[in-house]
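Okay, structure first, notes after.
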Amino acid sequence: MFFEKLYNKNKDHLFSFIRRSVQDESTALDLLQDTFLNFFKHYSGKELPDEQVSRMILFRISRNLMINHGKSYYQKNVALVGEETSSLFSSKGQGPESQVLDEMEAQNLGKIVSELLSTLPEEQKTAIDLRYTQGCKLEEIASVLDLSVSGVSRLLERAEKQLLQEGKKRGIQPSSFLKS
């Protein structure tokens with residue numbers, strides 16, 4: 001019963017987390033399935049951690065599986081921004097021309113953010129994604145990345161600084177994306 005509840009509560013968040021990294025739906029579904037299988041195999045017959053700890057363990061497992069997947073297929077360009085970007089910037093009550101322009105702008109913005117994120121090391125990308133896309137607390141990110149809370153804070157600061165510098169080089173200001 002706990003496993004079913006855990007699966008139903010976390011599957012969408014984990015799928016979204018994985019999907020932004022691998023950009024292939026079938027691979028993301030495979031990695032999602034492997035994440036839960038690894039968790040279930042490890043904890044079958046053992047005492048289960050509480051729900052919050054289990055969630056962080058699932059994110060850590062999925063992160064490790066994504067890293068292994070990336071290494072095995074030599075996929076160096078990981079994008080963390082998906083189709084959901086367009087819904088964030090769509091305007092309501094405008095004509096079709098404005099909506100098309102807004103969608104084009106959102107797609108361009110998503111591409112720019114994705115390019116900026118691709119300049120970050122894997123650990124920084126994961127921290128940024130967990131913090132700003134998944135809404136995780138520093139303590140949760142620390143658990144996933146196996147770092148201290150202060151280490152995560154410094155990691156995020158370095159990532160944000162690098163994004164700002166890279167954005168300035170390209171003539172854009174990514175700081176507006178980081179404020180949440």
Side-chain angles (χ1 to χ4, degrees), residues 10 12-25 27-28 31-32 35 55-91 98-180:
N10 291 292
D12 293 333
H13 293 285
L14 282 167
F15 178 75
S16 174
F17 176 65
I18 295 167
R19 178 73 166 90
R20 277 189 302 279
S21 292
V22 297
Q23 288 193 328
D24 174 39
E25 189 169 347
T27 302
L31 291 174
L32 177 67
T35 297
R55 175 180 159 86
M56 291 301 100
I57 292 169
L58 287 168
F59 271 97
R60 182 180 289 172
I61 291 169
S62 65
R63 176 183 175 263
N64 290 340
L65 289 172
M66 287 186 298
I67 290 170
N68 291 343
H69 172 76
K71 286 179 181 177
S72 67
Y73 290 100
Y74 305 105
Q75 296 172 343
K76 299 296 179 195
N77 296 328
V78 177
L80 297 176
V81 177
E83 302 88 33
E84 70 277 351
T85 308
S86 61
S87 65
L88 294 174
F89 300 100
S90 63
S91 301
S98 296
Q99 289 178 351
V100 169
L101 289 174
D102 287 348
E103 286 180 26
M104 288 174 58
E105 185 177 320
Q107 288 175 353
N108 188 38
L109 182 61
K111 182 180 177 188
I112 291 168
V113 171
S114 181
E115 288 173 5
L116 288 175
L117 288 171
S118 72
T119 65
L120 296 176
E122 186 66 34
E123 190 173 51
Q124 289 180 354
K125 279 188 272 194
T126 301
I128 289 285
D129 183 44
L130 289 171
R131 180 70 172 168
Y132 296 106
T133 305
Q134 299 296 325
C136 293
K137 296 176 183 174
L138 294 178
E139 295 82 11
E140 296 169 332
I141 299 169
S143 174
V144 171
L145 298 177
D146 200 23
L147 296 172
S148 67
V149 173
S150 62
V152 169
S153 180
R154 288 190 305 272
L155 182 71
L156 285 167
E157 285 176 20
R158 286 192 307 270
E160 291 168 3
K161 184 177 179 181
Q162 188 172 338
L163 285 172
L164 287 170
Q165 290 172 346
E166 190 63 33
K168 285 179 184 177
K169 286 182 196 174
R170 297 175 187 216
I172 55 174
Q173 293 295 325
S175 60
S176 60
F177 308 120
L178 296 175
K179 307 294 183 215
S180 43

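Sequential numbering from 1 along the given sequence is applied to the chain's residues.
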Which atom names give the shortest non-hydrogen contact between [X] and [Y], and what distance separates them?
X    : Y    : value
I141 : A127 : CD1-O, 4.0 Å
I67  : E122 : CG1-CG, 4.2 Å
D24  : R19  : N-NH1, 3.4 Å
V22  : M66  : CG1-CG, 4.5 Å
L14  : L32  : CB-CD1, 3.6 Å
K125 : L120 : CE-O, 3.2 Å

Handout entry: Donor-acceptor pair, side chain of S16 and main chain of H13, under 3.5 angstrom
Key = no
Problem - Side-chain donor/acceptor of Q134 to backbone N/O of D129, under 3.5 Å - result: no
Hey, what do you get for [atom1] ([X]) to [atom2] ([Y]), rounding to the nearest 0.5 Å?
X    : Y    : atom1 : atom2 : value
C136 : F17  : SG    : CZ    : 8.0 Å
N10  : I57  : CG    : CD1   : 11.0 Å
K168 : Q165 : NZ    : CD    : 7.5 Å
K169 : L116 : NZ    : CG    : 10.5 Å
T27  : I18  : OG1   : CD1   : 10.5 Å
K137 : R131 : NZ    : CZ    : 10.0 Å

Quick one: are [X] and [Y] in side-chain contact, heavy atoms under 4.5 Å?
X    : Y    : value
E140 : L130 : no
P121 : R158 : no
F59  : T126 : no
I128 : E160 : yes

Problem - Set of side chain to side chain donor-acceptor pair (under 3.5 Å) partners for R63, sequence neighbours left out - result: none
Practice task
Identify, with sequence neighbours excluded, every residue that meets side chain to side chain donor-acceptor pair (under 3.5 Å) alongside N64.
Solution key: none
Anything under 3.5 Å between a donor and an acceptor, one on a side chain of residues 148-156, the other on a protein residue two or more places apart or in another chain? List them.
{"from": "S148", "atom 1": "OG", "to": "S150", "atom 2": "OG", "distance (Å)": "3.2"}
{"from": "S148", "atom 1": "OG", "to": "G151", "atom 2": "N", "distance (Å)": "2.9"}
{"from": "S150", "atom 1": "OG", "to": "R154", "atom 2": "NH1", "distance (Å)": "3.4"}

